[in-house]
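Okay, so here's the structure we're looking at.
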Amino acid sequence: MLNTGTDDEVFRNYCERQNLKASPKVEDDTFVRPLLDIMAQQLSAFPAAGDPEHAAQFVRMGFIDRGSPNAFVDAWEGGACICLHSGLLLSITEAAIQLQDRIGAFDTDLAAASGGNLTDPIGMTSFLNLLNKVDRDETLFEAPAGRDEAATWRATSFVSSGLQFVVLHEFAHVAFGHLGFLQSNGEPARLFEMDEEGGSKGGHDPEIRYFLEHEADVFALETLLRSALGRQLTSQDETYASGDEVFAILMSYLTTVFGWITLENELGRSSQSTHPLSFERLFALPMAVQGLLGEQAVFEGPLSEALNRCRVLLAGVVPRYPRFGSIARIFTPEVLSGIDRKIDWMREMDDKTASRLRSRL
């Protein structure tokens, strides 16, 4: 069993040594920290019995007080720490609130809610206000617009999926030997979810860093979807059998990446960035879908239905909120025609970085 845990003495010692402020615990938190605890328990069983001994002595995860919608994993004292920024949770929650209250994204019929056009960057309002020294927009957190319980469940799944995607992405950097690979090449072994500064972190080959991020994205999205599809196909509970969970995962992934695209547009990007441009990260969706269909053909029906729901929603939103056009592009034939080239590139980079597997868990 892998030694995993959340927000314990090991995690707080790491934060203290790195001059980071661990987020305070909230005693009545019945959602966020319990979710991390469940993930830690599940990840402790990775890899399966019979695999090589763990290269990492431990994995710890927790929140730190930072306003940006980011996260990172860092190699430390023989193990790894996954740090989620408090701004990440806020941005995912903001996105769920705006999507539901302004356009009814989680309503059964996907009907647009009343209200004007969306003018704020989805899920980015608080962080951009912080950068611009504007007071926090408290109207985001007013009482919801009277949606039914099903819509509330979908919105909650959306928030949960966003957090799980990020944790799984960071965990993949440990599980597939990315941190050890970078260390063996004399490079920094701290990998951020989003490159805020837009500059080199000392890496000698940005293309390798791009590949590591893509591999982590595909792993995280495949893992989430595989689990949800399994529940949908076997569950007698309408909550899971309806396909709402798969839809929420897809929308959460698309919206989270959309937030990073928004930040790239707002903050600008350096040509020396060590992180893939956010739109490129959307290719993890068709790659994950192809991988899942290769595993089980029975996934095709549920996946097709969920993807179509996403397309329908985006088609209705883009005329009112053109910024969503950037993520709607991933469903266009022109963009999807490039998926084979992306897969070929992934295979080439897999061979080029084969030594990373010696450092995997």
Side-chain angles (χ1 to χ4, degrees), residues 92 95-96 99-100 103-112 122 150-151 153-155 157-162 164-165 168-169 214 217-235 238-261 278-319 321 323-343 346:
I92 296 172
L99 286 171
Q100 177 58 11
I103 61 177
F106 305 114
D107 289 347
T108 303
D109 58 2
L110 300 182
I122 295 293
W153 184 86
R154 295 184 193 107
S157 296
F158 175 95
V159 175
S160 172
S161 298
Q164 290 182 74
F165 171 78
L168 287 167
H169 173 101
H214 280 297
D217 277 344
V218 174
F219 167 80
L221 191 54
E222 275 192 3
T223 300
L224 276 176
L225 289 173
R226 183 185 298 109
S227 179
L229 288 165
R231 283 190 290 271
Q232 180 179 347
L233 291 169
T234 61
S235 179
E238 177 62 22
T239 300
Y240 292 104
S242 66
D244 287 348
E245 186 183 17
V246 178
F247 168 71
I249 289 171
L250 291 173
M251 280 306 303
S252 183
Y253 167 74
L254 292 169
T255 307
T256 299
V257 176
F258 171 76
W260 295 325
I261 294 173
S278 288
F279 181 77
E280 288 293 308
R281 300 187 70 174
L282 290 174
F283 275 99
L285 175 56
M287 283 192 281
V289 168
Q290 286 201 14
L292 291 167
L293 293 180
E295 290 178 13
Q296 297 192 50
V298 71
F299 286 162
E300 182 174 1
L303 269 175
S304 297
E305 181 181 349
L307 288 168
N308 188 57
R309 289 176 68 180
C310 290
R311 282 195 293 264
V312 170
L313 176 62
L314 290 171
V317 171
V318 170
Y321 192 52
R323 290 193 190 200
F324 264 104
S326 58
I327 59 173
R329 286 170 53 206
I330 197 61
F331 294 108
T332 63
E334 295 79 13
V335 171
L336 289 175
S337 65
I339 187 62
D340 289 337
R341 293 191 298 273
K342 181 67 70 174
I343 291 174
M346 289 284 286

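For the atom pair Glu305 CD and Phe247 CZ, the distance stands at 10.5 Å (nearest 0.5 Å). From Leu168, atom CG reaches atom CG of Asp217 across 11.0 Å, with rounding to the nearest 0.5 Å. Rounding to the nearest 0.5 Å places CG of Leu314 at 12.5 Å from CZ of Arg309. Summarising the geometry, atom CD belonging to Glu245 is positioned 4.0 Å from atom CZ belonging to Arg231; distances are rounded to the nearest 0.5 Å. Between the CZ atom in Arg281 and the CG atom in Leu254 there is a gap of 12.5 Å [rounded to 0.5 Å]. Note that the CG atom of Asp107 and the CG atom of Leu99 stand 11.5 Å from one another [nearest 0.5 Å].
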Acceptor/donor pairs from residues 290-301 side chains to any protein atom, 3.5 angstrom cut, sequence neighbours excluded:
unit_1	atom_1	unit_2	atom_2	d
Glu295	OE1	Arg226	NE	3.0
Glu295	OE2	Arg226	NH2	2.7

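Pro319 and Ala315 make their closest contact through CD-O, 3.1 Å (heavy atoms, listed as atom of the first residue, atom of the second, distance). Scanning all heavy atoms of the two residues, the minimum distance from Gln100 to Ala151 falls at NE2-CB, 3.6 Å. Of all non-hydrogen atoms in Ala328 and Val318, the two that sit nearest each other are CB-CG2, 4.1 Å. The heavy-atom pair separating Ala96 from Ala155 by the smallest distance is CB-O, 4.3 Å. Taking every heavy atom of both residues into account, Ser161 and Leu224 meet most closely at O-CD1, 3.7 Å.
Judged by distance alone, with hydrogens and angles left aside, the side-chain atoms of Arg154 form a donor-acceptor pair with the main-chain N or O of Phe106 at under 3.5 Å. Judged by distance alone, with hydrogens and angles left aside, the side-chain atoms of Ser227 form no donor-acceptor pair with the main-chain N or O of Thr223 at under 3.5 Å.
For Ser157, there are no side chain to side chain donor-acceptor pair (under 3.5 Å) partners two or more places apart in sequence or in a different chain. Qualifying side-chain contact (heavy atoms from CB on, under 4.5 Å) partners for Val335, counting only residues two or more places apart in sequence or in other chains: Phe279, Phe283, Arg329, Ile330, Thr332. By the side-chain contact (heavy atoms from CB on, under 4.5 Å) test, Ala95 pairs with Ile122, Phe158, Thr255, sequence neighbours left out. The side chain to side chain donor-acceptor pair (under 3.5 Å) search around Ser242 returns Asp244, not counting sequence neighbours. Here Thr239 pairs with Asp237 under the side chain to side chain donor-acceptor pair (under 3.5 Å) rule; sequence neighbours left out. Looking at residues two or more places apart in sequence or on another chain, you find no side chain to side chain donor-acceptor pair (under 3.5 Å) involving Arg311. Listed by chain and number, the residues in a ring-ring contact (aromatic ring centres under 6.0 Å, His included) with Phe331 amount to none (sequence neighbours excluded).
A 4.5 Å side-chain heavy-atom check between Val257 and Ile327 finds every atom pair outside the cut-off. Between Cys310 and Leu250, the closest side-chain pair of non-hydrogen atoms falls below 4.5 Å. For the pair Leu221 and Val289, the minimum side-chain heavy-atom distance is 4.5 Å or more.
Ring geometry, Phe165 versus Tyr253: the interplanar angle exceeds 60°, so the pair is classed perpendicular (tilted spans 30 to 60°).
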